[in-house]
Amino acid sequence: MLSQTLIAALLLAICVVIHAVGTLAILAPLRTWFATHAGANIARPLLFLIVIFLFVFALHAVEMFVWALAYWITGALPTLGDSIYFSVVSYTTVG
């Protein structure tokens, strides 16, 4: 039980790092790009939000894959495909 808790805590820490580093990595280039393109219309902030949303979605997909790998490597699930399916269903709270 303790080892499972420690593995889960490690995975959670990895996901936090992925999310934090990924978010910071995309914000700097986006701010620069949007600052250099003059014009204050509704399309710029909307485009900014869309790009951020898609990038955060991609970060979540990476985090789901990290959990899937952990399930597969630890033998909790027999195949990588089963692990990915379980990870996605669990992550999105569908299951």
Side-chain angles (χ1 to χ4, degrees):
M1 179 68 174
L2 180 61
S3 65
Q4 292 171 340
T5 303
L6 291 174
I7 290 170
L10 175 64
L11 287 168
L12 182 59
I14 289 169
C15 286
V16 168
V17 169
I18 289 169
H19 212 83
V21 170
T23 302
L24 291 175
I26 192 66
L27 281 179
L30 277 178
R31 282 185 182 152
T32 303
W33 188 84
F34 280 98
T36 59
H37 291 80
N41 58 29
I42 191 67
R44 286 182 59 215
L46 185 60
L47 181 60
F48 183 81
L49 287 174
I50 290 169
V51 170
I52 290 292
F53 173 80
L54 292 174
F55 194 78
V56 168
F57 178 79
L59 289 174
H60 281 292
V62 169
E63 293 163 13
M64 287 182 256
F65 189 72
V66 166
W67 279 91
L69 281 177
Y71 294 138
W72 184 51
I73 290 170
T74 60
L77 292 165
T79 67
L80 183 57
D82 289 341
S83 298
I84 291 170
Y85 176 77
F86 181 77
S87 178
V88 170
V89 168
S90 298
Y91 197 93
T92 60
T93 69
V94 172

**Message:** The criterion is side chain to side chain contact (heavy atoms under 4.5 Å, CB included); which residues satisfy it with Leu30, sequence neighbours excluded?
**Reply:** Ile26, Phe34, Phe48, Val51, Ile52

**Request:** Check whether any side-chain heavy atom of Val56 lies under 4.5 Å from a side-chain heavy atom of His19, and answer yes or no.
**Result:** yes

**Message:** Is there a path of hydrophobic side-chain contacts, each under 4.5 Å between heavy atoms of I/L/V/M/F/W/Y residues, joining Trp67 to Phe86?
**Reply:** yes

Donor-acceptor contacts, no H, no angles, side chain residues 78-85, under 3.5 Å, sequence neighbours left out:
residue: Thr79; atom: OG1; partner: Asp82; partner atom: N; Å: 3.0
residue: Thr79; atom: OG1; partner: Asp82; partner atom: OD2; Å: 3.2
residue: Ser83; atom: OG; partner: Trp72; partner atom: N; Å: 3.4
residue: Ser83; atom: OG; partner: Thr79; partner atom: O; Å: 2.9

**Asked** How would you list, by chain and number, every residue that makes a side-chain hydrogen bond (donor to acceptor under 3.5 Å, both in side chains) with Tyr91, sequence neighbours excluded?
**Response** His60, Glu63

**For Leu12, all residues meeting side chain to side chain contact (heavy atoms under 4.5 Å, CB included), sequence neighbours excluded** = none

**Item:** Single-linkage hydrophobic cluster Tyr71~Leu11, side-chain heavy atoms < 4.5 angstrom
**Value:** yes

**Message:** Tell me if a side-chain donor or acceptor on Ser87 pairs with a main-chain N or O of Phe65 at a distance below 3.5 Å.
**Reply:** no

**Prompt:** What is the minimum heavy-atom distance between Ala25 and Pro29, and which atoms define it?
**Reply:** O-CD, 2.9 Å

**Prompt:** By the rule that ILVMFWY residues connect when side-chain heavy atoms come within less than 4.5 angstrom, directly or transitively, which residues belong alongside Leu6?
**Reply:** Leu2

**Complete:** Tracing side-chain contacts under 4.5 Å among Ile, Leu, Val, Met, Phe, Trp and Tyr outward from Phe57 reaches none

**Message:** Distance check, rounded to the nearest 0.5 Å: Ile18 atom CD1 versus Thr23 atom OG1?
**Reply:** 11.0 Å

**Message:** Who clusters with Ile50? Use side-chain heavy atoms, under 4.5 angstrom, across I, L, V, M, F, W and Y, and order the result by chain and number.
**Reply:** Leu46, Phe53, Leu54

**Request:** Would you kindly confirm whether Leu69 and Val66 end up in one hydrophobic cluster when ILVMFWY residues are joined by side chain heavy atoms under 4.5 Å apart?
**Result:** no

**Message:** Show every side-chain hydrogen bond (donor to acceptor under 3.5 Å, both in side chains) that has at least one partner inside residues 50-59, sequence neighbours left out.
**Reply:** none

**Request:** Taking side chain to side chain contact (heavy atoms under 4.5 Å, CB included) as the test, write out the residues that go with Val16, two or more places apart.
**Result:** none

**Request:** Report yes or no: do Leu77 and Ile7 belong to one cluster of Ile/Leu/Val/Met/Phe/Trp/Tyr joined by side chain heavy-atom distances under 4.5 Å?
**Result:** yes

